[in-house]
There are 2 protein chains.
Amino acid sequence: MNISAASKAAGLPVKTVRYYADIGLVQAPSRSDAGYRTYDDASVRKLVFIRRSREFGFTIEECREPLGLYQDQDRTSAEVKRIASKRLEEIEEKQRELQSLHDELAHLVTTCRGDHMPDCPIIDYLG
Amino acid sequence: MNISAASKAAGLPVKTVRYYADIGLVQAPSRSDAGYRTYDDASVRKLVFIRRSREFGFTIEECREPLGLYQDQDRTSAEVKRIASKRLEEIEEKQRELQSLHDELAHLVTTCRGDHMPDCPIIDYLG
DNA sequence: CCTAATCCCTCCAGTAACTAGAAGGTTAAG
DNA sequence: CTTAACCTTCTAGTTACTGGAGGGATTAGG
């Protein structure tokens with residue numbers, strides 16, 4: 001798989017895929033004879049994992065920890081479990097926050113009459 | 001309310017609160033005699049709205065649109081509704097993505113035995 | 001009233017994580 | 001065999017903060 005196919009599959013720009021290998025977040029991919037980067041499904045799954053983590057506010061450094069664990073032959077199952085559980089709690093907190101952002105906007109949508117008048121009940125709240 | 005109280009209430013660093021007024025994302029706050037910025041509850045609610053939007057990957061420019069609407073005296077209710085509905089769909093897509101990230105890590109946690117052995121079923125998937 | 005701690009201010013420089021563009025080599029379709 | 005769509009490296013720019021210097025204002029204790 002060339003870089004553009006991997007980038008499409010992962011949902012990341014080509015430039016970003018290169019960048020992640022440059023900074024050592026993922027392993028440097030192998031190269032074709034012409035020097036083209038070649039990717040496999042496991043690499044793509046890692047990129048998807050990073051993309052989703054990044055989209056929800058985890059930093060690059062915070063992505064390194066779980067990714068490092070997956071690759072570390074000496075880690076114990078207990079260590080993997082501890083770090084993943086901590087991350088899971090952070091994600092659940094994000095889910096609650098996202099839900100309240102959702103509810104706030106849903107309220108705006110349902111209270112607006114959607115007509116041509118400029119008044120809208122939400123203005124009293126946010127204006 | 002001084003800037004540090006507003007910053008605590010909004011869940012944003014003081015520097016970031018100043019920055020948002022500097023770039024015109026929120027209105028420049030009024031000042032005390034000594035030149036201190038003073039904030040009210042409506043300003044704090046706007047800052048919370050921005051914080052949550054930013055945490056979930058909306059850019060500063062994408063925050064301007066709904067915030068602008070709230071303040072625009074000439075907008076129609078239909079326009080408010082259209083933009084808020086579009087944003088709501090984006091948020092629902094983010095909720096689905098966050099759920100996938102959650103499930104992926106939850107799988108990691110439940111399949112790990114949590115003992116001192118270094119093997120873990122998730123490695124086959126991501127390693 | 002004085003002093004120390006804790007605010008607050010502005011300004012400038014630095015960082016994280018990309019992202020755009022130039023210059024040029026490679027591959028696949030017609 | 002050309003030409004369009006790939007790919008490469010490199011450097012420089014952007015977004016959204018973030019840290020620190022230097023200095024004024026406010027508050028709590030003695």
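Note on naming: letters A, B, ... go to the chains in the order of the sequence lines (proteins, then strands), and numbering restarts at 1 for each one. Model, not experiment: these values are computed from the prediction.
If you measure from atom CG of A:D22 to atom C1' of D:dT9, you get 10 Å, rounded to the nearest angstrom. Per the geometry, CZ belonging to A:R18 stands 7 Å off P belonging to D:dT9, to the nearest Å.
Qualifying side-chain contact (heavy atoms from CB on, under 4.5 Å) partners for B:S100, counting only residues two or more places apart in sequence or in other chains: A:R52. With sequence neighbours excluded, no residue satisfies side-chain hydrogen bond (donor to acceptor under 3.5 Å, both in side chains) with A:N2. The side-chain contact (heavy atoms from CB on, under 4.5 Å) check on B:A106 picks up A:L88, B:H102, with sequence neighbours excluded. Applying the side-chain contact (heavy atoms from CB on, under 4.5 Å) rule to B:A34 yields the partners B:S32, B:Y36; only residues at least two apart in sequence or on another chain are considered. Judged as a side-chain contact (heavy atoms from CB on, under 4.5 Å), and not counting sequence neighbours, B:K8 has no contacts. Contacts of A:S30 classified as side-chain hydrogen bond (donor to acceptor under 3.5 Å, both in side chains), with partners at least two apart in sequence or in another chain: A:T38. For the side-chain hydrogen bond (donor to acceptor under 3.5 Å, both in side chains) test, residues two or more places apart in sequence or in another chain that qualify with A:R96 are A:E93.
A donor-acceptor pair under 3.5 Å is formed between the side chain of B:S53 and the backbone N or O of B:F49. Looking only at distances, a side-chain donor or acceptor of B:K94 sits under 3.5 Å from a matching main-chain atom of B:F56.
Looking only at side-chain heavy atoms (C-beta outward), A:F58 and A:I50 stay at 4.5 Å or farther from each other. Residues A:L25 and A:Y19 form no side-chain contact, since every pair of their non-hydrogen atoms from C-beta on lies 4.5 Å or further apart.
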Using a cut-off of under 3.5 Å, enumerate the N/O to N/O pairs linking the protein to nucleotides 17-21 of chain D.
residue, atom, partner, partner atom, Å
D:dC17, OP1, B:Y20, OH, 3.4
D:dC17, OP2, B:Y20, OH, 2.7
D:dC17, OP2, B:R54, NE, 3.0
D:dG19, N7, B:K15, NZ, 2.9
D:dG19, O6, B:K15, NZ, 3.3
D:dG20, N7, B:K15, NZ, 3.3
D:dG20, O6, B:K15, NZ, 2.2

Please write out each protein N/O paired with an N/O of nucleotides 24-27 of chain D under 3.5 Å, distance rounded to 0.1 Å.
residue, atom, partner, partner atom, Å
D:dG24, N2, B:Y36, OH, 3.0
D:dA25, O4', B:Y36, OH, 3.3

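Between A:R37 and D:dC7 there is no side-chain N or O to OP1 or OP2 distance below 4.0 Å.
Contact annotation for A:I3: backbone-only contact, meaning every heavy-atom pair under 4.0 Å involves sugar-phosphate atoms and none involves a base.
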Any chance you could lay out the salt bridge (charged side-chain N to carboxylate O under 4.0 Å, His left out) test for A:E90 and A:R87, step after step, and finish with the verdict?
CA-CA 5 Å; A:E90 290 164 15; A:R87 178 60 51 94; 3.3 Å; yes
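Judged as a salt bridge (charged side-chain N to carboxylate O under 4.0 Å, His left out), the pairs with a partner in residues 55-67 of chain B (not counting sequence neighbours) are, in order, B:R51-B:E55, B:E61-B:R64, B:E65-B:K86.
In 5' to 3' order, the nucleotides of DNA chain C bounding all contacts with chain B (an atom under 4.0 Å from a heavy atom) are C:dC7 to C:dT10.
Helix-axis bend for the helix from C:dC1-D:dG30 to C:dG30-D:dC1: the local axis fitted to the five terminal pairs at one end deviates from that at the other end by 30°, rounded to 10°.
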